[in-house]
Colleague: 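Let me begin by handing over the structure; questions about it come next.
The residues of the chain are indexed from 1 along the displayed sequence.
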Amino acid sequence: DYGLEAKGNGLFAALDGTGVIVKAKDDADLPEALTTGNMLRKTVYGVADQATLDAIKAELGKDREVKTLADGSLESVDDLGFAIGFQITVRKPLSLKAELVNAPGDTHRPVNEVGAVQGHVPKPRTLSHVVYFVPDFKKMEAFYEERLGFKVTDRFTNAGSFLRPAGTSDHHTLFTIQTPEHMQGCEHFAFHLGGPSEVLSAGSAFVKKGYEPFWGPGRHMFGSNYFWYFKSPLGCVMEYDADMDTHNNDWVAREADFRADNSQIFLFQYRETWAPGGGN
């Protein structure tokens, strides 16, 4: 329903091969559940090559168990007990058009190429990010920075950090939000679409399939990504997003108070389509 492709063995994949694996909670291959009962059991990061995998194993092996699984991937835990895995990336390069915008003074879409195509079905292109509720976001920030080489791109004061690993220029693949200990777990995950129109189109289709919007549609401040969140049966929220900022190591992290007007540049509210005369 969300637009991922069922690949078998519980894997639901985006166009580039990244995805979500859904298993029975008593599956013997799963790491132990969080004490809070959150349904997230493991977050797996892709790495460039075997040398990177070996370096991660050596680093984390200094003070914790690092398992090498039958498929060659690694499994361990971070400093707050989230199960984390590492494997040579399965991400496939994509060659797809993004949404193009025409604006006075800066025209991008070719002449006679229309911007709105009826019947277009947006497909998630790649796994964007995962968000954790954590009881100590500073401890998480330190672990991912100091042990795994992530960079903090932005931060909410005393509330949470946006983190970018070396393998991507995306503003963040991990965001941590300070919460009471009993709430620890996955708050949401998101997949990138091709642009803001695709977020609105995919989200509208999701509503029509019976899924309840949680937040949005709108656009964030940190990351600049368009968003639309939905409640899901997976024990967390699911998000469509698009047009996230990209950064390199020259970027200087910003900081802001954690409040609504610092989280969203604007926010819409979904309603049924309407036309003059009361037609839908």
Side-chain angles (χ1 to χ4, degrees), residues 1-34 37-50 52-53 56-57 66-78 82-97 119-132 165 167-168 170 173-174 185-194 198-199 201-212 228-242:
D1 288 347
Y2 179 81
L4 301 173
E5 183 179 351
K7 295 289 192 178
N9 296 319
L11 171 62
F12 294 86
L15 295 178
D16 74 339
T18 58
V20 175
I21 296 174
V22 180
K23 289 180 175 285
K25 63 183 179 180
D26 60 353
D27 190 298
D29 291 335
L30 289 173
E32 288 187 22
L34 291 164
N38 186 267
M39 291 168 66
L40 174 70
R41 298 294 286 271
K42 183 176 171 182
T43 301
V44 182
Y45 292 96
V47 305
D49 49 37
Q50 186 63 44
T52 307
L53 209 59
I56 291 171
K57 183 173 184 178
V66 182
K67 299 177 183 176
T68 300
L69 304 184
D71 61 1
S73 67
L74 305 179
E75 184 177 283
S76 191
V77 294
D78 65 23
F82 285 94
I84 48 177
F86 304 91
Q87 65 183 31
I88 296 174
T89 184
V90 299
R91 190 188 300 270
K92 298 174 293 191
L94 295 178
S95 179
L96 298 170
K97 284 187 176 181
H120 171 64
V121 180
K123 292 291 185 182
R125 297 187 176 198
T126 182
L127 181 60
S128 169
H129 61 271
V130 62
V131 177
Y132 292 164
T168 181
D170 274 3
T173 63
L174 177 63
C186 179
E187 189 277 329
H188 79 263
F189 61 83
F191 283 78
H192 286 315
L193 294 174
E198 287 204 348
V199 170
S201 180
S204 296
F206 212 41
V207 170
K208 290 174 182 176
K209 290 176 180 176
Y211 294 89
E212 183 180 352
W228 200 347
Y229 297 79
F230 292 86
K231 295 181 180 180
S232 85
L234 300 178
C236 67
V237 177
M238 296 165 60
E239 177 192 4
Y240 291 115
D241 85 344

Colleague: Are any of the side-chain heavy atoms of Thr52 and Phe86 separated by less than 4.5 Å?
Modeller: no
Colleague: Under 4.5 Å between any side-chain heavy atoms of Thr173 and Ser128, yes or no?
Modeller: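 No, every pair of side-chain atoms sits at 4.5 Å or beyond.
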Colleague: For Asp27 and Asp29, indicate whether the former's side chain and the latter's backbone hold a donor-acceptor pair under 3.5 Å.
Modeller: yes
Colleague: In the structure I gave you, are the side-chain heavy atoms of Pro31 and Glu75 within less than 4.5 Å of one another anywhere?
Modeller: yes
Colleague: For the OG atom of Ser232 and the NE2 atom of His188, what is their distance to the nearest 0.5 Å?
Modeller: 11.5 Å
Colleague: Shortest non-hydrogen contact from Gly185 to Leu34?
Modeller: CA-CD1, 3.8 Å
Colleague: How far does CG of Asp241 sit from CH2 of Trp228, to the nearest 0.5 angstrom?
Modeller: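 Those atoms lie 14.0 Å apart.
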Colleague: Could you tell me whether the side chain of Leu96 reaches within less than 4.5 Å of the side chain of Arg125, counting heavy atoms only?
Modeller: yes
Colleague: Are the side chain of Asp16 and the backbone N or O of Arg91 linked by a donor-acceptor pair below 3.5 Å?
Modeller: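 Here the side-chain-to-backbone pair does not exist.
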Colleague: Counting heavy atoms not belonging to Asn9, are there more than 12 under 6.0 Å from its CG?
Modeller: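 Not buried by this count: 12 neighbours or fewer within 6.0 Å.
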Colleague: Which pair of heavy atoms, one from Gly17 and one from Lys92, lies closest together, and at what distance?
Modeller: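 Shortest heavy-atom separation between Gly17 and Lys92 comes out as N-CE, 4.0 Å.
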Colleague: Contact between Leu30 and Lys42 at the side-chain level, heavy atoms closer than 4.5 Å - yes or no?
Modeller: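 With C-beta onward as the side chain, the pair stays apart.
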Colleague: Please say whether more than 12 non-hydrogen atoms of neighbouring residues, nucleotides or ligands are located less than 6.0 Å from NZ in Lys25.
Modeller: no
Colleague: What is the minimum heavy-atom distance between Lys231 and Tyr211, and which atoms define it?
Modeller: O-CD2, 4.1 Å
Colleague: Sequence neighbours left out, what passes ring pair (Phe, Tyr, Trp, His ring centres under 6.0 Å) with His192? Give chain and number order.
Modeller: none
Colleague: Return the CD to CD1 distance between Gln87 and Ile56, rounded to the nearest 0.5 Å.
Modeller: 11.0 Å
Colleague: Using the rule given for side-chain contact (heavy atoms from CB on, under 4.5 Å), can you reason through Met238 versus Phe189, listing the C-alpha separation, both sets of side-chain angles and the distance that settles it, and then say yes or no?
Modeller: CA-CA 5 Å; Met238 296 165 60; Phe189 61 83; 3.4 Å; yes
Colleague: Name all pairs fulfilling the salt bridge (Lys or Arg N to Asp or Glu O under 4.0 Å) condition that reach into residues 1-14, sequence neighbours left out, sorted by first residue then second.
Modeller: Glu5-Lys7
Colleague: Tell me whether the rings of Phe82 and Tyr132 are parallel (<30°), tilted (30 to 60°) or perpendicular (>60°).
Modeller: parallel
Colleague: Given 3.5 Å as the limit, does a donor-acceptor pair link the side chain of Thr18 with the main chain of Leu127, or not?
Modeller: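 Yes, because the side chain of Thr18 sits within donor-acceptor range (under 3.5 Å) of the backbone of Leu127.
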Colleague: Enter the distance from Leu74:CG to Thr68:OG1 here, rounded to the nearest 0.5 Å.
Modeller: 5.0 Å
Colleague: Under the ring pair (Phe, Tyr, Trp, His ring centres under 6.0 Å) rule, collect the residues that match up with Tyr240, sequence neighbours excluded.
Modeller: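 Checked Tyr240 against ring pair (Phe, Tyr, Trp, His ring centres under 6.0 Å); matches are Tyr2, Phe206.
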Colleague: Determine whether Leu174 and Tyr45 make a side-chain contact, defined as any pair of heavy atoms from C-beta on separated by less than 4.5 Å.
Modeller: yes
Colleague: Heavy atoms only: give me the nearest Ala242-Leu193 pair and the separation to one decimal.
Modeller: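 Heavy atoms only, the tightest pair is CB-O, 3.8 Å.
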Colleague: Is it true that, when you exclude Gln50 itself, more than 12 heavy atoms of the residues, nucleotides or ligands shown sit nearer than 6.0 Å to its CD?
Modeller: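 More than 12 heavy atoms, drawn from other residues, nucleotides or ligands, come within 6.0 Å of this atom.
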Colleague: Does some side-chain heavy atom of Lys123 sit less than 4.5 Å from a side-chain heavy atom of Glu198?
Modeller: no
Colleague: Within this structure, what is the CZ-SG distance for the pair Arg41 and Cys186, rounded to the nearest 0.5 Å?
Modeller: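 Separation between the atoms: 13.5 Å.
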Colleague: Testing the basics here: between Leu53 and Gly72, what is the closest heavy-atom pair and its distance to 0.1 Å?
Modeller: CD2-O, 3.5 Å
Colleague: When rounded to the nearest 0.5 angstrom, what distance separates CD1 in Ile21 from CG in Leu11?
Modeller: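 Separation between the atoms: 5.5 Å.
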